[in-house]
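Note that the structure is a prediction, hence the values are computed from the model and not measured. Residue numbers start from 1 in every chain, and the chains themselves are labelled A, B, ... in the order their sequence lines are given, proteins ahead of strands.
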4 protein chains.
Amino acid sequence: MNLADSRERHEGPPRGRPRSEAVERSIIEGAVKLLEDGVPLADISIERLARTAGVGKATIYRRWSGKEELFVDVMRATEPPDAELPGTSMRDDLIALLEPLRRRGLASRSSALLHNVYAQIKTSPKIWAAYQATVIEPRRRTTFEVLRRGQRDGELRDDVDIEVINDLFVGPMLVRAVMRPEAELPEDLAEQIVDAVLTGLRPPGR
Amino acid sequence: MNLADSRERHEGPPRGRPRSEAVERSIIEGAVKLLEDGVPLADISIERLARTAGVGKATIYRRWSGKEELFVDVMRATEPPDAELPGTSMRDDLIALLEPLRRRGLASRSSALLHNVYAQIKTSPKIWAAYQATVIEPRRRTTFEVLRRGQRDGELRDDVDIEVINDLFVGPMLVRAVMRPEAELPEDLAEQIVDAVLTGLRPPGR
Amino acid sequence: MNLADSRERHEGPPRGRPRSEAVERSIIEGAVKLLEDGVPLADISIERLARTAGVGKATIYRRWSGKEELFVDVMRATEPPDAELPGTSMRDDLIALLEPLRRRGLASRSSALLHNVYAQIKTSPKIWAAYQATVIEPRRRTTFEVLRRGQRDGELRDDVDIEVINDLFVGPMLVRAVMRPEAELPEDLAEQIVDAVLTGLRPPGR
Amino acid sequence: MNLADSRERHEGPPRGRPRSEAVERSIIEGAVKLLEDGVPLADISIERLARTAGVGKATIYRRWSGKEELFVDVMRATEPPDAELPGTSMRDDLIALLEPLRRRGLASRSSALLHNVYAQIKTSPKIWAAYQATVIEPRRRTTFEVLRRGQRDGELRDDVDIEVINDLFVGPMLVRAVMRPEAELPEDLAEQIVDAVLTGLRPPGR
DNA sequence: CTATAAACGAGACGGTACGTCGTGTCTTTCC
DNA sequence: GGAAAGACACGACGTACCGTCTCGTTTATAG
């Protein structure tokens with residue numbers, strides 16, 4: 001990301017000493033380490049990050065313009081790899097897509113990241129937009145494809161707005177992770193949600 | 001709330017000059033004013049709040065122990081009054097309960113509060129718990145009652161966990177407000193969601 | 001001095017917590033201590049001064065606008081008390097006035113102050129002016145009075161510009177202290193200078 | 001000077017690309033230019049010097065070990081050529097030696113150099129010693145020779161320490177340049193001083 | 001003509017200090 | 001004893017230089 005990176009503006013071969021990738025890694029890893037150790041996000045200052053990574057402050061500011069921007073890359077570094085779709089049916093694909101969201105709420109590592117960093121990132125519209133564009137949107141797009149395929153194959157009604165459909169599946173899972181992260185999530189939650197939404201909540205035979 | 005309030009500990013008649021309610025109001029109103037004016041939450045310091053309200057810093061700390069705690073009261077001050085339930089059917093009651101959530105995403109005033117302050121509050125577990133207990137939980141309880149009544153009256157299946165059911169209705173609305181607050185929300189969104197969840201997304205006749 | 005002090009601008013009784021004199025003293029004393037310990041002036045940062053005095057940086061900046069201004073007060077704190085004039089003759093008074101200048105070059109304490117701080121102060125015209133006005137000028141004035149009295153009493157020619165006369169006495173002493181501070185100064189240097197300048201350097205009988 | 005020059009240590013013919021004299025010149029000239037433009041010495045960083053001269057920082061550090069050392073060469077580059085002695089008499093030679101000091105206080109260019117750089121150089125004992133040895137001492141030696149010749153020729157008393165005599169002539173001129181550089185210096189100041197010191201300040205006939 | 005080696009412009013790097021701001025507490029005076 | 005004012009120790013902010021260190025490139029001598 002490195003929105004602050006001004007090198008990209010120039011043409012021609014890069015001049016001067018190149019930026020160290022090792023340094024970049026050690027900063028991100030230092031941040032992840034601190035979060036894993038339970039340090040509150042508010043207590044993670046650029047100053048402390050620099051100390052932890054054994055790095056000068058300027059080296060951080062050379063790459064990111066501030067804490068929010070840096071943490072977009074931190075988030076990205078901890079994103080689970082994209083789920084593999086079984087492809088057996090739309091139902092199974094949806095479950096596979098929701099499952100990682102459920103897991104997030106469990107692992108203390110990801111939990112800290114999701115519930116604190118996520119909140120922090122939201123406070124800056126620009127950063128939030130960047131995070132959405134590079135992390136959330138791709139997944140959304142994948143889900144949409146699965147849903148449209150489902151409509152084509154007759155597994156899904158096609159008289160409801162696809163965006164609403166998406167929210168009907170994703171929303172219930174996310175509302176738990178965001179609003180009640182401390183609550184336990186049953187292992188088959190993804191299955192429960194997908195099936196209930198497909199079948200409907202009206203009692204059978206009405 | 002006023003966790004910092006130390007008066008409650010003492011017995012007997014209050015001594016000395018009583019606290020001015022006007023001061024209390026002007027602090028909260030000052031905070032709301034700043035938020036409405038689009039000042040980023042990060043730029044609202046206790047120092048600035050005191051200046052804005054024409055009040056000493058100590059006067060603020062005498063009432064709240066910090067920014068998060070203060071903003072719980074600010075949030076409460078802007079909460080819409082509880083929705084009135086028509087009582088005609090579970091479906092109508094659910095729509096009435098979801099409708100305020102939809103409106104939140106529209107008014108710029110509430111939008112700022114929800115998407116920034118909300119995020120900020122989440123960073124402090126203690127404060128988040130307090131907010132949940134006094135603001136969110138009561139509504140949740142109301143919703144649960146409506147759902148249970150629906151089960152009793154045969155409007156709702158009773159073989160699905162009531163908590164999951166709750167999320168199936170609330171989640172889709174919230175995921176929009178939280179993840180894509182800038183998107184337009186169709187006026188009949190609450191209706192769409194409730195009906196779709198009740199009916200199910202499987203194509204009719206399958 | 002406290003050029004940075006903005007309180008003086010306001011009328012009426014001072015409001016809020018008054019500035020602590022003890023803090024003021026401990027800052028100046030800390031600076032003097034560091035200089036006495038041989039710490040190079042260039043190594044005395046505001047940051048270090050604050051650490052040494054156990055004081056916040058803002059507390060220093062509240063009183064002085066920077067290092068130069070602060071060191072004017074440090075210099076003033078170490079100025080020797082004004083010499084007492086015997087009054088027996090112009091010659092004796094002049095010697096009494098020059099003697100403290102000679103001593104300056106000896107004591108390691110004052111030496112450090114004179115030869116480093118002095119140089120530092122000179123780099124800022126504004127500060128140098130303030131130092132001259134409050135420290136140097138008063139002594140100059142005293143010397144001028146002594147010289148004029150000498151002219152009245154017939155101890156001194158009155159056909160030479162009094163400013164030049166002043167320099168003839170003060171210059172030789174100062175040139176040693178400033179240009180060759182490491183050289184030893186004979187104990188009767190003040191006497192030697194005054195007598196030589198009075199008598200003239202032409203061989204007797206020419 | 002080039003104390004940092006490490007090439008001299010090696011034997012044999014120099015290998016690799018030789019140092020560019022043009023670069024050396026452009027650095028010094030850049031420094032002189034900045035000083036003439038009234039840039040405060042404190043604002044002239046190595047970084048800025050490199051930018052101004054269009055030169056890499058390492059190129060500067062390859063030649064000088066720091067700012068003070070560099071400015072010794074800058075000072076040397078602006079030293080007026082040694083005064084030519086008329087040789088007609090000790091009095092005339094002394095006046096010729098003092099005259100350049102008087103002129104220094106006038107020209108804004110040299111003024112900036114003398115009163116700021118000079119002060120800066122003094123803060124580093126090592127550099128100050130180097131400056132004294134290569135610039136000041138030679139002049140001092142010349143003055144001493146003139147004075148001794150004067151003693152031999154009967155123009156000067158020989159019962160006063162020659163170092164004190166030197167200070168009696170040089171001090172009055174220098175005290176003006178150093179302590180009151182802003183004051184106007186009468187054109188015949190050198191003459192006034194030399195004659196007054198030779199004749200003495202006692203009224204004639206006492 | 002190639003190889004070697006140092007100089008060079010550029011700029012990254014770990015640091016330190018800058019001067020400002022906000023934190024939560026403390027100390028005044030006035031009410 | 002409440003309240004406004006503002007001092008206080010602390011520590012983070014983002015910037016500027018420090019002196020050192022790679023980079024790719026240039027310019028000399030040696031073979």
*According to the salt bridge (Lys or Arg N to Asp or Glu O under 4.0 Å) rule, which pairs have a member within residues 38-59 of chain D, sequence neighbours left out?*
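Sorted result for residues 38-59 of chain D: D/E47-D/K57.
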*Verify side chain to side chain contact (heavy atoms under 4.5 Å, CB included) between A/E29 and A/V32, making sure each step is shown before the conclusion.*
CA-CA 5 Å; A/E29 277 166 21; A/V32 172; 5.6 Å; no
Quick one, [X] and [Y] - any side-chain contact, counting heavy atoms below 4.5 Å?
| X | Y | answer |
| --- | --- | --- |
| A/I46 | A/Y61 | yes |
| A/L41 | A/L34 | no |
| C/T134 | C/R76 | yes |
| A/L70 | A/L49 | yes |
| B/I44 | B/F71 | yes |

Using atom [atom1] of [X] as one end and atom [atom2] of [N] as the other, report the distance to the nearest whole Å.
| X | N | atom1 | atom2 | value |
| --- | --- | --- | --- | --- |
| D/W64 | F/dT20 | CH2 | P | 16 Å |
| B/R25 | F/dA3 | CZ | P | 13 Å |
| D/I27 | E/dA7 | CD1 | P | 13 Å |
| C/E21 | F/dC8 | CD | C1' | 16 Å |
| A/L70 | F/dC13 | CG | P | 11 Å |
| A/Y61 | E/dC13 | OH | P | 16 Å |

*Listed in order of residue number, which residues of residues 51-60 of chain C have a non-hydrogen atom at under 4.0 Å from DNA chain F?*
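The answer is C/G54, C/V55, C/G56, C/T59.
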_Short of 4.0 Å, heavy atom to strand atom, which residues of residues 42-50 of chain A count as contacting DNA chain E?_
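Correct list: empty, so none.
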*Hey, does the side-chain of D/R17 have a donor or acceptor N/O within less than 3.5 Å of a partner on the base of F/dA28?*
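Side chain to base: no pair below 3.5 Å.
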*Does D/R63 come within less than 4.0 Å of D/E24, counting only side-chain N to carboxylate O?*
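Looking at D/E24 together with D/R63, the answer is yes, because their closest N to O distance falls below 4.0 Å.
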Is the shortest side-chain N/O distance from [X] to OP1 or OP2 of [N] below 4.0 Å?
| X | N | answer |
| --- | --- | --- |
| D/R62 | F/dC21 | no |
| D/R15 | E/dA5 | yes |
| D/R19 | E/dA7 | yes |

*Roughly how far apart are A/L35 CG and A/M75 CE, rounded to 0.5 Å?*
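Separation between the atoms: 10.0 Å.
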_Closest-nucleotide ordering on DNA chain F, the 5'-leading residue of A/G66 and C/S20_ =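 The 5'-side residue here is C/S20.
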